[in-house]
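First the proteins, then the strands, lettered A, B, ... as listed; each starts at 1. Quantities reported herein were computed from a predicted structural model and do not represent experimental measurements. Note: hydrogens, waters and symmetry copies are ignored here, and every other heavy atom, side chains too, is used.
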Amino acid sequence: MPVIDTDVHEELTDLEELLPYLEPQWHSYVTDYGFHKLAIRGGMPYALTGGNRLDWSDEDGRAGTTVAALRRHLFDQEGESLAVLNGFFYVSVLSGQFEFASALASAYNDWQVEHWLDPEPRLRGSVHVVANDPAAAAREIDRVAAHPQIVQVFLPTVADRQYGDPFYDPIYEAALRNDLAVTFHHGPATRTLVGFPRYFAEWHTLAPPLAAMSQLTSLVFNGTLEKYEALRFVLLECSIGWLPWAMGRLDENCREYRVEVPWVKRLPSESIRANVRVSTQPLAGMTRQEFMSVVEGVESEEIFMFSSDYPHYDADDASTALPKGLPDGLRERVLYRNALDAYPRITEPVG
Amino acid sequence: VKVVVCRSRELAPGASRSVAAGGGRVLVHRAEDGVLHAVNDRCPHNGARLSGGRIERLITSDAIGEYVLTARWIVRCPWHRYEFELENGRCPVDPRKRVRVYRVADEDGMVVLER
């Protein structure tokens with residue numbers, strides 16, 4: 001059966017890799033002024049035990065840095081058909097000097113095309129943008145979307161940015177006119193609703209789903225899902241068990257407070273089923289019964305899409321991640337059919 | 001079955017009554033424009049008496065930040081604030097939630113409900 005992996009992370013080994021793609025007026029920031037890509041990681045305070053799976057890492061502990069390794073791990077060993085790159089370079093997190101941030105985004109996008117998309121036709125890519133400058137982001141989307149393997153716009157989820165705000169509409173409009181999905185993923189700058197807790201275990205439990213819930217709620221009640229009903233919004237790596245609860249609470253609050261948000265015409269659960277897709281990893285060994293209860297809770301087999309989170313330590317394997325005994329139609333939907341729906345530009349037969 | 005609610009002059013514009021009819025209760029309201037409405041006086045959500053809620057103009061919108069006061073009337077449930085349109089019983093955002101609507105009219109100086 002074909003497999004589309006919706007969450008794969010390619011990574012720079014060094015920021016200086018971007019210099020050939022970066023406009024010259026910005027080179028000094030990288031070479032002389034001390035800007036480091038860790039600045040984009042937003043101050044995550046944890047030491048961690050290494051972020052990557054060791055059998056996918058080189059002797060320096062790096063993984064996801066070469067297309068040859070990715071090809072071997074995902075396509076040869078795991079038998080995946082297509083993989084969508086999300087990077088690990090969340091330039092939208094920069095909250096100042098947007099011109100430099102936009103230049104970095106452009107350089108990264110061109111690096112991604114040359115080092116990943118052009119050499120490997122089974123990869124699909126993202127447009128990385130500076131969300132704080134929507135007009136520039138829209139121009140970058142129009143520019144990079146010219147590459148046929150680009151399938152989505154990438155926006156990092158942080159807890160204090162409301163992506164339903166119409167401020168971001170130029171980004172959604174650019175995504176729509178280029179047939180791209182809009183994808184959200186947490187990053188090291190994503191805080192929980194009480195900031196960075198003392199331990200990574202706390203952060204890793206809470207930050208991804210809380211940020212996803214916050215952003216989804218914003219997209220619902222600001223009317224973004226209905227305004228852009230032809231657009232697909234993808235939530236990555238935020239767990240799935242909370243979604244039935246959230247859909248129920250969103251519906252209930254919509255009935256109770258419709259007068260406050262009268263531009264919302266449909267129940268949130270209907271809008272979510274229509275144009276939100278959610279990746280599966282981390283499934284954490286869910287049983288068939290547990291997985292089916294979530295699918296039944298969201299009343300749709302069309303929401304969840306397989307993702308590995310390659311090359312991170314808690315990655316899910318395409319061959320073993322989904323519980324055994326799922327109905328064939330559902331397995332097929334999760335492994336690739338729902339992704340075909342989520343990404344309008346992925347239309348070719350896969351397998 | 002026709003049920004006499006009250007004399008017409010006893011139900012002024014903006015006034016409501018809850019009357020027993022057919023084993024249940026019906027909310028009868030004369031809107032400020034003089035039009036009579038009658039709906040089941042029981043919220044389909046948790047069973048509250050809608051007659052304890054507020055009758056308001058329906059607010060709609062075509063864009064975020066825009067609030068348009070319409071000529072249509074809703075009753076807002078006193079418990080969870082669900083809205084139901086008096087004209088058709090619809091909950092504006094959830095077609096699965098609905099209250100039954102009854103015919104009501106002024107007949108020979110009396111407000112008469114058909115149930």
**Request:** Evaluate side-chain contact (heavy atoms from CB on, under 4.5 Å) for A:R255 paired with B:H80, printing each intermediate quantity in order.
**Result:** CA-CA 8 Å; A:R255 293 186 202 98; B:H80 294 88; over 6 Å; no

**Request:** Enter the distance from A:E256:CD to B:C77:SG here, rounded to the nearest 0.5 Å.
**Result:** 9.5 Å

**Request:** With rounding to the nearest 0.5 Å, note down the distance linking CD1 in B:I64 to CG in A:D165.
**Result:** 7.0 Å

**Asked** A:R258 side chain to B:T60 main-chain N or O, any donor-acceptor pair under 3.5 Å?
**Response** no

**Message:** Between A:K265 (side chain only) and B:S61 (backbone N and O only), is there a donor and an acceptor less than 3.5 Å apart?
**Reply:** yes

Should the heavy atoms of other residues, nucleotides or ligands under 6.0 Å from [atom1] of [X] be counted, would the total exceed 12?
X: A:R331; atom1: CZ; answer: yes
X: A:E270; atom1: CD; answer: yes
X: B:E107; atom1: CD; answer: yes
X: A:F98; atom1: CZ; answer: yes
X: B:R54; atom1: CZ; answer: no
X: A:R177; atom1: CZ; answer: yes
X: B:N46; atom1: CG; answer: yes
X: A:D328; atom1: CG; answer: no

**Message:** What I'd like to find out is whether the side chain of B:E83 reaches to under 4.5 Å of the side chain of A:V259, using heavy atoms alone.
**Reply:** yes

**Request:** Look at B:A63, B:C91, B:P95 and state which one has the largest set of heavy-atom pairs under 4.5 Å with chain A.
**Result:** B:A63

**Prompt:** side-chain contact (heavy atoms from CB on, under 4.5 Å) with B:V93: which of A:L267, A:D251, A:V261?
**Reply:** A:L267

**Message:** Given heavy-atom pairs under 4.5 angstrom as the criterion, report whether the side chain, backbone, both or neither of A:R266 touches chain B.
**Reply:** backbone

**Request:** Pick one of side chain, backbone, both or neither for B:E66, based on which atoms fall under 4.5 Å of a heavy atom in chain A.
**Result:** backbone

**B:G65 versus A:W263, closest heavy-atom pair with distance** = N-CZ3, 3.1 Å

**Item:** Verdict with supporting geometry, B:Y82 and A:E252, side-chain hydrogen bond (donor to acceptor under 3.5 Å, both in side chains)
**Value:** CA-CA 9 Å; B:Y82 281 29; A:E252 180 63 11; 2.5 Å; yes

